[in-house]
Number of protein chains: 2
Amino acid sequence: MHFNNLINSIKERREMLKVTQETLAELSGVGLRTLKQFESGKGNPTAETLNKLGDALGMELTFQVKKTKPE
Amino acid sequence: MHFNNLINSIKERREMLKVTQETLAELSGVGLRTLKQFESGKGNPTAETLNKLGDALGMELTFQVKKTKPE
DNA sequence: TTTAATAGTGCATTATAATGCACTATTATC
DNA sequence: GATAATAGTGCATTATAATGCACTATTAAA
């Protein structure tokens, strides 16, 4: 199971903000190992972990109804 | 830690589609106990669980940059 | 208010997420 | 190509998510 969209969102946002994994780990309260794992496409993070990362990056996790035809 | 936005999205969508927890559990491949736990506000689901539920309901999990001032 | 359907809980087990530590790999700077 | 900074991996441990089963609670229909 892949979460590439989530991974990319976090990774892009982190890089846009010029923040290292180490700093994001500290800011978010998520373990560095956990963040590394997540960003390298491994693992299956919990909602709590995703939320923590999102909070630190000014993002939020949401469900959206899929469009039948993407515009 | 609360995920009320995620919980409500799933719950509302499920009810809108007139689907029971039991049916959604079957459709999504998520254990009924797990779904019950999630919808009743307990637990800390993994991205995989959230994705499975989303898939079955035609929704997707996304990160969005928070607006400074909600409009 | 009985009955049936659906939703929520307690308990126990198994699978695995989160974590730290030490290491390697990659990338950028000199 | 040495050095330093950042990113990724292997391994072991601990915490907890996912699950089934049996039960209770709530809600809707008769």
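In the text below, chain A, chain B and the rest are named by the order of the sequence lines, each starting its count at 1.
The one candidate from B:I7, B:L57, B:T62, B:L6 that meets the side chain to side chain contact (heavy atoms under 4.5 Å, CB included) condition with A:F63 is B:L6.
Of the residues in residues 12-21 of chain B, B:R14, B:T20, B:Q21 come within less than 4.0 Å of DNA chain C through at least one heavy atom, sorted by number. Near-neighbour residues of DNA chain D inside residues 29-36 of chain A, defined by a heavy atom below 4.0 Å, number-ordered: A:R33, A:K36.
Residues that satisfy the salt bridge (charged side-chain N to carboxylate O under 4.0 Å, His left out) test with A:R13, not counting sequence neighbours, are absent from this structure.
In this structure, CD in B:Q21 is found 11.0 Å from OG in B:S28, a value given to the nearest 0.5 Å. Remark: A:E15 CD to A:L24 CG distance equals 11.0 Å, nearest 0.5 Å.
The bend of the helix from C:dT1-D:dA30 to C:dC30-D:dG1, defined by the angle between the axes of its first five and last five pairs, stands at 60° to the nearest 10°.
The cluster map of Ile, Leu, Val, Met, Phe, Trp and Tyr, joined by side-chain heavy atoms under 4.5 Å apart, puts A:L27 and A:L17 in different clusters. Under the 4.5 Å side-chain contact rule for hydrophobic residues, A:L32 and A:V19 do not share a cluster.
Counting heavy atoms from C-beta outward, B:D55 and A:K66 have side chains that approach closer than 4.5 Å. Residues B:K42 and B:K36 are not in side-chain contact: their nearest non-hydrogen atoms beyond the backbone lie 4.5 Å or more apart. Contact of the B:L53 side chain with the B:T49 side chain is registered, since non-hydrogen atoms from C-beta on lie closer than 4.5 Å.
Taking a heavy-atom distance under 4.0 Å as the criterion, the stretch of DNA chain D touched by chain B extends 5' to 3' from D:dA17 to D:dC21.
Among all heavy-atom pairs drawn from B:A25 and B:L35, the shortest one is N-CD2, 3.9 Å. For the residue pair A:E48 and B:N44, the shortest heavy atom distance occurs at N-OD1, 2.9 Å. Heavy-atom minimum distance, A:K52 versus A:G29: NZ-O, 3.9 Å. Closest heavy-atom contact between A:L50 and A:P45: CD2-CG, 3.7 Å. Between A:G54 and A:I10 the shortest heavy-atom distance is N-CD1, 4.4 Å.
Formation of a donor-acceptor pair under 3.5 Å by the A:N5 side chain with backbone atoms of B:L61 is found in this model.
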Can you tabulate the close N/O pairs, meaning under 3.5 Å, that link protein atoms to atoms of nucleotides 26-30 of chain C?
none

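Each of B:K42 and A:Q37 lies near DNA chain C, and the nucleotide nearest B:K42 is the one positioned closer to the 5' end.
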